Amino acid sequence: MADRLAMDEVVEFTSDLIRLDTTNRGGGDCRERPAAEYAAARLAEAGLAPVLLERTPGRTNVVARVEGTDPSADALLLHGHLDVVPAEAADWSVHPFSGEVRDGVVWGRGAVDMKNMDAMILAVVRAWARAGVRPRRDIVIAFTADEEASAEDGSGFLADTHPELFEGCTEGISESGAFTFHDGLGRQIYPIAAGERGTAWLKLTARGRAGHGSKVNRENAVTRLAAAITRIGAHEWPLRLTPTVRAALTELAALYGIDTDLGDVDRLLEKLGPTAKLVEATVRNSANPTMLDAGYKINVVPGEAVAYVDGRYLPGGEEEFRTTLDLLTGPDVDWEFHHHEVALQAPVDSATYAGLRAAVEEFAPEGHVVPYCMSGGTDAKQFSRLGITGYGFTPLKLPEGYDYQAMFHGVDERVPVEALHFGVRVLDRFLRTA
């Protein structure tokens with residue numbers, strides 16, 4: 001069992017990691033090494049032998065293995081990323097890199113995404129070292145760089161160039177799942193991720209005839225691009241239900257005593273009320289225009305205009321996504337992948353999923369565990385190249401009124417101390433019995 005020191009350490013480690021600014025702006029200027037060295041030192045103190053690996057100087061990853069008692073058992077990957085998205089201090093109530101603990105809450109960028117989980121992992125394995133505990137399965141721990149961008153310096157680099165470190169791993173757990181979702185009616189729901197939509201970040205390029213802004217121009221690249229992104233933004237994607245989302249809707253409908261009419265999912269989502277937030281973003285593909293770049297002077301029609309689109313597609317939905325983008329962009333606009341990663345699907349009838357559920361239910365018996373599919377993506381995509389099936393599991397018991405999803409990349413990101421304590425207990429329980 002996780003001891004009292006583990007409860008103190010998870011708070012200390014979360015705070016310390018937040019203070020190490022590992023901001024990833026996507027341009028390659030991030031330096032995760034200080035956080036990697038910190039994590040490696042804590043693992044070494046627990047008797048492990050962590051290795052630090054870099055594709056690019058300063059973009060550091062940490063990998064260590066905890067040997068299990070059953071050498072014939074499949075290994076389990078336990079991973080968390082060390083980088084965070086940018087934060088503007090002027091917008092925050094507390095400095096985003098202070099790691100301040102105030103009124104029972106740890107504040108700062110990464111408190112939820114995902115230095116909290118990194119700290120839980122460290123606290124659990126150190127508690128095991130003190131108590132002489134060994135899990136049944138080998139557990140490979142990976143702290144990665146670059147998850148908040150392309151993962152090329154992080155999990156992608158590890159999967160492609162150091163697969164031997166993950167030998168035997170068939171399953172992995174990481175962000176984000178097993179958090180408390182309050183439905184506003186007194187129920188506490190704990191969604192465990194068993195799937196992710198694929199990543200399809202797109203670059204759109206429209207070409208036309210450059211010329212003077214005062215002249216008629218029927219081949220205006222800006223106009224062509226604007227028409228294409230308007231079509232994309234207005235497109236109504238058709239309903240597509242994956243096995244994970246079907247399971248989520250079925251379990252939620254049963255919980256609320258609603259007929260499970262998967263033939264009218266939009267109506268079913270209406271009946272679920274606020275709880276629909278858990279699934280509504282994962283019943284369809286999506287594409288949102290996010291960036292525009294065109295022209296250099298107001299009286300010059302540019303010959304080229306560029307836009308970027310954040311596209312996501314469901315497991316099994318990539319072909320539909322590609323075909324639809326061809327139609328929406330039309331003959332005057334080309335599109336290509338700026339960043340592309342696979343969609344994931346994990347079974348909800350596996351022994352591992354049952355173990356994740358049981359661990360949550362032991363410490364939150366009042367809660368209702370359901371599967372869900374993430375609308376975004378994680379490092380599980382890159383590790384899937386090694387045949388590793390990923391689940392989202394960062395357990396947190398959260399008070400009512402705490403908007404967990406708003407903490408991701410949001411202002412005033414923070415995590416309650418008690419949520420961290422719950423996470424350590426649940427993570428310890430699952431890993432010891434997995």
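These numbers were taken from a predicted model, which means no experiment stands behind them. Numbering of residues begins at 1 and proceeds along the displayed sequence.
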Side chain to side chain contact (heavy atoms under 4.5 Å, CB included) assessment of V85 paired with R109: CA-CA 8 Å; V85 297; R109 179 59 86 218; 3.5 Å; yes

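- If you check the side chains of T352 and E171, you find a donor sitting under 3.5 Å from an acceptor.
- Within a 6.0 Å sphere centred on CG of D259, other residues, nucleotides and ligands contribute 12 heavy atoms or fewer.
- One distance of note links CG of L165 with CZ of R65; it measures 8.0 Å at 0.5 Å rounding.
- The nearest pair of heavy atoms linking L386 to A159 is CD2-O, 3.5 Å.
- Side chains of H81 and E32: no donor on one and acceptor on the other come within 3.5 Å.
- Closest approach of F97 to I18, counting heavy atoms only: CD2-O, 3.5 Å.
- Between R312 and D310 there is a salt bridge, since at least one side-chain N of the basic residue sits less than 4.0 Å from a carboxylate O of the acidic one.
- Contact check on R137 versus D74 returns no salt bridge, with no Lys/Arg side-chain nitrogen under 4.0 Å from an Asp/Glu carboxylate oxygen.
- Below 30°, between 30° and 60°, or above 60°: for F363 and F422 the angle between ring planes is above 60°, a perpendicular geometry.
- The pair R4-D8 meets the salt-bridge criterion, since a charged nitrogen lies less than 4.0 angstrom from a carboxylate oxygen.
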Derivation of the ring-ring contact (aromatic ring centres under 6.0 Å, His included) call for F383 and H79: CA-CA 10 Å; F383 287 123; H79 60 101; 5.0 Å; yes

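- Here the CD1-CG distance, from I388 to L76, works out to 9.0 Å after rounding to the nearest 0.5 Å.
- Inter-residue side-chain proximity for P416 and L398 is flagged as met; some heavy-atom pair is nearer than 4.5 Å.
- Few gaps surround CD on E45; more than 12 heavy atoms of other groups in view lie less than 6.0 Å from it.
- Contact check for T324 versus N285: no side-chain heavy atoms found under the 4.5 Å cut-off.
- Within a 6.0 Å radius of CD in E319, other residues, nucleotides and ligands contribute 12 heavy atoms or fewer.
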Stepwise salt bridge (charged side-chain N to carboxylate O under 4.0 Å, His left out) test for R240 and E320: CA-CA 10 Å; R240 296 285 185 267; E320 176 193 67; 2.7 Å; yes

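- The shortest heavy-atom contact between A247 and V348 is CB-CG2, 4.1 Å.
- Using a 4.5 Å heavy-atom cutoff, the side chains of K115 and T22 are in contact.
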Step-by-step side-chain hydrogen bond (donor to acceptor under 3.5 Å, both in side chains) determination, Q382 to S155: CA-CA 6 Å; Q382 285 74 30; S155 56; 3.2 Å; yes

F157 vs H162, ring-ring contact (aromatic ring centres under 6.0 Å, His included): CA-CA, chis, key distance, verdict: CA-CA 8 Å; F157 161 68; H162 294 282; 5.3 Å; yes

side-chain hydrogen bond (donor to acceptor under 3.5 Å, both in side chains) assessment of T180 paired with Q188: CA-CA 6 Å; T180 318; Q188 298 179 26; 5.0 Å; no

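- Of all the heavy atoms in V309 and P289, the pair that sits closest is CG2-CA, 4.0 Å.
- With no hydrogens or angles considered, no side-chain donor-acceptor pair links T290 and N288 at under 3.5 Å.
- With values rounded to the nearest 0.5 angstrom, Y308 atom OH is found 11.0 Å from L292 atom CG.
- The shortest side-chain heavy-atom distance between R267 and D261 does not fall under the 4.5 Å cut-off.
- Side-chain contact annotation: T244 with Q345, donor-acceptor N/O pair under 3.5 Å present.
- Using a 3.5 Å distance cut-off with no hydrogens or angles, the side chains of R246 and T242 do not pair a donor with an acceptor.
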Salt bridge (charged side-chain N to carboxylate O under 4.0 Å, His left out) between E362 and R429, worked out: CA-CA 9 Å; E362 178 172 328; R429 162 65 164 77; 2.4 Å; yes

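- The closest side-chain heavy-atom distance from W107 to V415 is not below 4.5 Å.
- The environment of E88 atom CD is sparse: at most 12 non-hydrogen atoms of other residues, nucleotides or ligands sit within 6.0 angstrom.
- Both tests pass for R187 against the ring of Y256: distance under 6.0 Å to the centre and angle within 45° of the axis.
- Using a 4.0 Å cut-off between charged nitrogen and carboxylate oxygen, E152 and R55 count as a salt-bridge pair.
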Side chain to side chain contact (heavy atoms under 4.5 Å, CB included) assessment of I258 paired with T260: CA-CA 6 Å; I258 300 169; T260 309; over 6 Å; no

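- The CG atom of L122 sits 5.5 Å away from atom CG of L43, with the distance rounded to the nearest 0.5 Å.
- Counting only N and O atoms by type, the side chains of D153 and T56 include a donor and acceptor under 3.5 Å apart.
- Inter-residue side-chain proximity for L78 and V140 is flagged as unmet; no heavy-atom pair is nearer than 4.5 Å.
- Cation-pi check for R284 over W237 is not met; the charged atom does not lie both under 6.0 angstrom from the ring centroid and within 45 degrees of its normal.
- When the shell of 6.0 Å around CG of D91 is examined, it contains more than 12 heavy atoms from other residues, nucleotides or ligands.
- Figure legend: cation-pi geometry between R42 and Y38, with NZ or CZ positioned under 6.0 Å from the six-membered ring centre and within 45° of its axis.
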Stepwise ring-ring contact (aromatic ring centres under 6.0 Å, His included) check, W201 with H339: CA-CA 5 Å; W201 293 348; H339 178 59; 5.2 Å; yes

S286/Y313 under side-chain hydrogen bond (donor to acceptor under 3.5 Å, both in side chains): CA gap, chis, key distance, verdict: CA-CA 7 Å; S286 66; Y313 61 90; over 6 Å; no

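- Contact annotation: the side chain of E54 never approaches that of R59 to less than 4.5 Å [non-hydrogen atoms, C-beta and beyond].
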CA sep, side-chain torsions, deciding dist, call: N116, T394, side chain to side chain contact (heavy atoms under 4.5 Å, CB included): CA-CA 8 Å; N116 60 338; T394 301; 4.0 Å; yes

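- Here the closest non-hydrogen pair linking E175 and M374 is O-CE, 2.8 Å.
- Side-chain contact between V333 and T205: absent, with no pair of heavy atoms (C-beta onward) separated by less than 4.5 Å.
- A 6.0 Å sphere centred on CD of E236 holds no more than 12 heavy atoms belonging to other residues, nucleotides or ligands.
- Between E318 and R197, none of the side-chain N atoms (NZ, or NE/NH1/NH2) sits under 4.0 Å from a carboxylate O, so this pair counts as no salt bridge.
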Full working for side-chain hydrogen bond (donor to acceptor under 3.5 Å, both in side chains) between T60 and E37: CA-CA 8 Å; T60 315; E37 290 177 341; over 6 Å; no

Test side chain to side chain contact (heavy atoms under 4.5 Å, CB included) applied to V84 and E148, step by step: CA-CA 6 Å; V84 297; E148 295 292 3; 5.6 Å; no

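- Closest non-hydrogen pair, G154 versus D146, comes out as N-CB, 3.9 Å.
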